[in-house]
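Heads up, the thing below is written out as structure tokens.
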Amino acid sequence: MRLIGNLIWIICGGFLSGLGWCLAGMIWCVTIIGIPIGLQCFKFSSISFDPFGKEVAYEGGAVSFLVNVLWFLVSGIELAMLNFGIGCLLCLTIVGIPFGVQFFKIAKLALAPFGANIYRVRYL
């Protein structure tokens with residue numbers, strides 16, 4: 001079921017969301033100081049390409065907070081608005097609600113991605 005959800009996800013806009021994260025990662029990797037932030041963007045593009053079966057746990061400290069403030073001002077607003085807008089469009093139909101919820105999860109992650117860890121959920 002997770003595979004089917006992820007395939008439909010790619011068609012319904014997940015590919016655009018993943019490309020947004022990859023583009024943000026490439027832009028951040030232009031400078032030496034931005035490479036750690038860019039690598040984090042590439043890590044989070046994995047949840048944009050296949051979100052079903054993955055959960056996000058938020059942890060962090062002072063360094064994560066400071067980097068999140070910088071991220072929010074430079075890249076976070078754009079990625080969050082993109083994901084939130086697509087999620088709202090998908091929630092207009094009953095069939096699109098599960099996909100819209102995944103976009104909202106990614107929009108929350110786009111606002112403050114540092115200090116967040118992605119876990120694959122195992123079902124028995």
Any side-chain hydrogen bond (donor to acceptor under 3.5 Å, both in side chains) involving residues 86-102? Give me the pairs, sequence neighbours left out, ordered by first then second residue. Q102-K105

Run the side-chain hydrogen bond (donor to acceptor under 3.5 Å, both in side chains) test against W21 and tell me which residues pass, sequence neighbours left out. S48

Could you list the cluster mates of Y119? Members are the ILVMFWY residues connected by side-chain heavy atoms closer than 4.5 Å, either directly or through other members. none

If you link ILVMFWY side chains whenever their heavy atoms are less than 4.5 Å apart, which other residues fall into the same cluster as L16? By chain and number, please. none

Nearest 0.5 angstrom please: [X] [atom1] to [Y] [atom2], how far?
X: I33; Y: I37; atom1: CD1; atom2: CD1; value: 9.0 Å
X: I106; Y: L111; atom1: CD1; atom2: CG; value: 12.5 Å
X: I11; Y: N6; atom1: CD1; atom2: CG; value: 11.5 Å

Least distance between heavy atoms, S45 atom then G18 atom: CB-O, 4.0 Å

Applying salt bridge (charged side-chain N to carboxylate O under 4.0 Å, His left out), which residue pairs with at least one partner in residues 28-52 are found, sequence neighbours left out? D50-K54, D50-R120

Given the side-chain rings of F99 and F52, with only the six-membered ring counted for Trp, is the space between their centroids under 6.0 Å? yes

Using ring centroids (six-membered ring only for Trp), state whether F65 and W71 fall under 6.0 Å. no

For a quick test of your reading: what N or O donor-acceptor pairs under 3.5 Å do the side chains of residues 83-92 make, sequence neighbours left out?
unit_1	atom_1	unit_2	atom_2	d
N83	OD1	S17	OG	2.7
N83	ND2	L79	O	2.9

